[in-house]
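Below is one structure, written out as structure tokens, with a few remarks after it.
No experiment lies behind these values; they were computed from the predicted model shown. Residue numbers run from 1 in the order of the sequence given. All ligand and atom numbering here is 1-based and tracks the order in the structure.
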Amino acid sequence: MQRFEPTSEQLAVIRHRGSHALVFAGPGTGKTETLARRFAALVVDDGVDPGDILVLTFSRRAAAQMLERIVQRLRERTGEELAVSELFVRTFHSFCARLLDGDGPRFRERNLLTPIKERLLWKRVAGRVPLRSFDAEVRESPAFASDALNLIAQLKGQGLTPSDVESIARRDGRLIDIAALYRELDAERTRLGLSDFRDLVKDALDALALPDSPASAWLRARGGFRHILVDEFQDSDALQLRLLEILAGPTRDQRSPVPEICFVGDFNQSIYRFRGATPSNIETVRATFACEELKLSLNRRSAQAILDVANATPGLKPESLTRAEDESRPGSVTLLRAPMPDDEMTLVCDEIERRMRAGTPPNEIAVLLRVSEPYQSLIVGQLDARGIPVAARPSAGFLEDPVIAAVLSAIRVSQHLDDFDQWTRLLTNPLIGFRAVTVRLAFDAARRAHVKNAFVALRNNPPAGRVTFEDFLRHWRAVEGAARAKDADAATLVATVAREFDLLWPVRTGEMPPPGWDARSSPARLGSLVDAARDMQMMSFALRDGCIPPMQFVESIEEIAGLLSDPTQTPPVDSAGVRVMSIHAAKGLEFDEVIVPQAVDGVLPQRARGHALLSAASLRALHATAPTFVSSPEEAYQEECSLWYVALTRARTNVLVTAAEADADDIELPLSPFAHAIAQGAAERIEGRALREHGATSDGGFEKSTATKIKHVLDHLSPTGVGTFLTCPRRFFYQEVLRLSSDSDEEGTLLGRLLHRSLAAFHAHERVLDSTEDLEARSHHWRAMLYRLVEASAGDIAAEAGIALDSGFMRYQLAIARQYVADYVRLLARQSASAPFEVLACEQRLEASIDGVRFTGQADRIDRLADGTLAIRDYKSGRIIGRLALAVRQSLAKIWAGEQVAGDAPDGLNLQLLLYIPGAQRLYQAQVSLVEFIYFRGEGDGEGLVTDTIRIVDVPLAGDQNAFLTDAEVSAAQRELAVGAAAACADGRLWEFATARDPSTCRFCGYTQTCPGPGNVAS
Ligand code: SF4
């Protein structure tokens, strides 16, 4: 560990006495070290008993690091080992558990609701609670389980009981369902005697409220604490602040209080509101505790070039901003733009490769994502394909650890005694240690002699290795005995394997460990596996399901590995790979090189989205009762600013920020406003489809990379690309494969962009359209707002396109846009009165896989209707030229008659909304019951806006056949038309892209100058 001399600011914190201290400590300012030195100074200089100092952290990892540092500093100051009966360096939760023990037996085993137990409990409960608003398919999905359990935990963190939620719910079906699940889970949890982390804090508060409780008696008997040090105070929640207030006692607003509390926090790094963190606790302490305010502002981690950009993030509190200790240390922040998201992912992987070639170890490079999926999978997939090691998940390396692999192989062998392959895996495991060649010799000889019994095979030719085969066999018999016992259970078997094969021998002997072993995490992983087996066994007994057969445990191991830690936790520090993880997971870490993709407006900062499970009305009702339950728009934006700040300040030397210029549908993606702080000279655009050479512009001194060639592989299609292919394969070829710019690009798409941008901004404010009252006044308000937004967007778009705002062209576009939005307001008024809805998202990226073909695109708007189902809506700035339902039926009839559709598609065959359906259903866990195109130019001449509205139904409806499509027709359109189009151009096999047959198709085509003309190239 690097030693350092304390700065004057750190010395002020270490030596501060006589009042509470509120320390504003920015990133890289040595909080842990300063607190550890303060602890040592209190003990050595002031003679405080170490047991009279309480240190509180928010994670076990932080508590372990703090404890290690404190012990080191004490040893340095005293020259001897610490001798103390009990040291209070704990997480809030573990301290509460200690409080509840009182003077009773210490470390009393608490039956904690671990993630594994919680998930097993959920499986049991979710299946039997009748739900009205979530259908069977949704309730069985893992995403629903995660969302519902998180929501229930949040409700609980606000102090809301199931009865409170029921009374708030009134007639809200979804909230009623959540309340029912909450009640049943709580009842079952209580019946089984399980507590979760929030219960511990709440139970401790309840206990401290009773003077005779063991907790109160214990605290009173020991005279409380003399000093309390609180790390990462901005992550505390309402209950944790209450606990500190109780511990502070009546002297909290006086000079010379007992205890003295040292709160260390950074409002600017507050990113855990979703877990209930309440950063306003800092202001509460400022107002209600008599604190002296101190600061740590000297940053020993990041170069000043990085801090210049990070400190320019809007909304930061100046108290915690930092400056580099050595301002001359080189560093850089570079912005690179790529044409499309896929290019951006390739660019990120190229940059990682380049940094590794320049000598940066992979685990000193981190890719930090605001939105993890699908980007995390795409980047991990590309890095894997290039042979670059990756650590992306909290459970990274778990199944590959030789300790875990040995246990699993042994259990498998115990259930399949003559499986030569399993035996080979077990015996050649590096911790078991038989040489592979000798094991192979034994089994090859057995096969030749037609020997099927593995023991006979191994006895005939005993393999050689770390121990003798006879010795191994002796231990194996004990494992086999445990596996064959009448009541064999997984937990006992795991422990038996570990003990008999001495799987932790590198710790015991201190000998050179085998490959794959990690001194810190391998034992911890074995502990997690044993705990997981015990958890499963305990729940199985509690639920009267009996013993878990060993093979059932092995088969569920992948799921277990995923549950051992949550996705916002960091991958293990020992994994040697490039870290690809969420910004949330990177808190507290640092790297030489940090890459921050997705720097586009809407992702960073993230555009507010509807709640996964609850309607806006439900959220409003909850907010009225528990004001901190839902973040205000300002708080949500503040957290986005903090996420950007946290991402940048993880880097020591270089930050690369990347952004795509357009999405998969070629809709322009505006640069994140945060990225505007990156110096002009440090921004570079990657031109065209082929990524050209690029290098950093700052002091990083990167070498030039080799250009990547165009590779014509269509591994995914955009829904609009499918529409283009069906209309005219040749146009698709120019647009999607060659990526030629269209003759009418700029002007042709300007009006559409103006509308999309204005309407997205409008619905960021106007989300719930359910009013039947005073529609005239609301319409007036909407119209005025939209006119303002259109004017503002026109100014931006004109500037980007280099067109004068007062040019005749722009004035004409503006006039049309104003007319269109006035029509739109009339449509909204009609719909909000007759079919109310809530806007869940605008410009929402969706991805779906249909028959193995990946479709990615962006839906203009997704709404939740009054019955809880979804509507997907699309804005068309042109006029309607055909109805979708009719076009789908005509096309399917052609396909089934063996005729060609591509290049000769009926008017109106626009499949994009049908292809968005699976992605929207997965994202919002509800059925799509309606799709709608809104054509602003209407039908024919000058009629104003019209809609093509299609209900998605189980069985055909009577009446207007254009008004519905059945599920079967939607499914056939997805498979026969879209997947068929994808199959035709997959992997670049199709080179003869047919031109359209009908010349009228070419009316609005932008490639008439390039194309040989309709009917000239046959398929
Ligand atoms: S001009 Fe006609 S045939 Fe040629 S690409 Fe355009 S739509 Fe297709």
Side-chain angles (χ1 to χ4, degrees), residues 339-340 662 664-668 688-689 710 712-714 716-753 855 857 874-884 886-888 890-891 894-895 899-915 933 935 937 939-940 948 973 976-1019:
M340 312 278 274
D665 282 342
D666 240 355
I667 294 174
E668 181 199 3
R689 187 69 170 165
I710 291 175
H712 170 212
V713 175
L714 297 173
H716 76 278
L717 285 175
S718 70
T720 45
V722 170
T724 307
F725 183 85
L726 292 171
T727 306
C728 172
R730 193 78 184 177
R731 193 193 292 179
F732 173 87
F733 176 65
Y734 293 142
Q735 192 171 303
E736 303 286 327
V737 179
L738 297 185
R739 298 205 157 251
L740 298 181
S741 59
S742 153
D743 306 337
S744 59
D745 255 355
E746 194 59 73
E747 297 181 3
T749 59
L750 192 143
L751 181 60
R753 280 189 285 147
F855 294 95
D874 192 80
Y875 309 133
K876 297 281 181 208
S877 54
R879 66 165 59 93
I880 187 169
I881 53 166
R883 305 292 295 270
L884 176 64
L886 178 64
V888 164
Q890 287 176 339
S891 302
K894 281 180 93 172
I895 293 263
E899 294 171 24
Q900 185 66 256
V901 173
D904 196 19
D907 287 342
L909 185 66
N910 195 337
L911 296 179
Q912 65 185 110
L913 294 187
L914 303 187
L915 295 175
F933 288 107
Y935 290 93
R937 207 163 165 195
E939 192 166 18
D948 185 14
E976 302 286 347
L977 298 169
V979 175
C985 39
D987 299 332
R989 284 193 301 265
L990 184 65
W991 287 104
E992 289 297 318
F993 287 85
T995 42
R997 288 195 193 167
D998 182 353
S1000 68
T1001 310
C1002 310
R1003 259 179 313 176
F1004 302 108
C1005 178
Y1007 301 101
T1008 48
Q1009 306 290 318
T1010 316
C1011 179
N1016 270 318
V1017 180
S1019 58

Would you mind checking which non-hydrogen protein atom is closest to atom 4 (Fe) of ligand 1, with the distance to 0.1 Å?
C1011 SG, 2.3 Å
L884 and F933 have their tightest heavy-atom pair at CD2-CE1, 3.9 Å
Write out the residue and atom name of the closest protein heavy atom to atom 3 (S) of ligand 1, then the distance separating them to 0.1 Å.
A996 N, 3.4 Å
Residue, atom name and distance, where the atom is the protein heavy atom closest to atom 2 (Fe) of ligand 1:
C1002 SG, 2.4 Å
Residue, atom and distance of the protein heavy atom nearest atom 6 (Fe) of ligand 1 read C1005 SG, 2.3 Å
Nearest heavy atoms of Y935 and D948, plus distance in Å:
CE1-CB, 4.1 Å
Step by step, work out the side chain to side chain contact (heavy atoms under 4.5 Å, CB included) result for D874 and N910.
CA-CA 11 Å; D874 192 80; N910 195 337; 5.5 Å; no
Among protein heavy atoms, which lies nearest atom 8 (Fe) of ligand 1, and at what distance?
C728 SG, 2.2 Å
Taking only non-hydrogen atoms of R731 and a 4.0 Å limit, the atoms of ligand 1 in range are 5 (S), 7 (S)
Which pair of heavy atoms, one from A996 and one from C728, lies closest together, and at what distance?
N-SG, 3.5 Å
From CA spacing to verdict: side chain to side chain contact (heavy atoms under 4.5 Å, CB included), K894, D904:
CA-CA 10 Å; K894 281 180 93 172; D904 196 19; 3.2 Å; yes
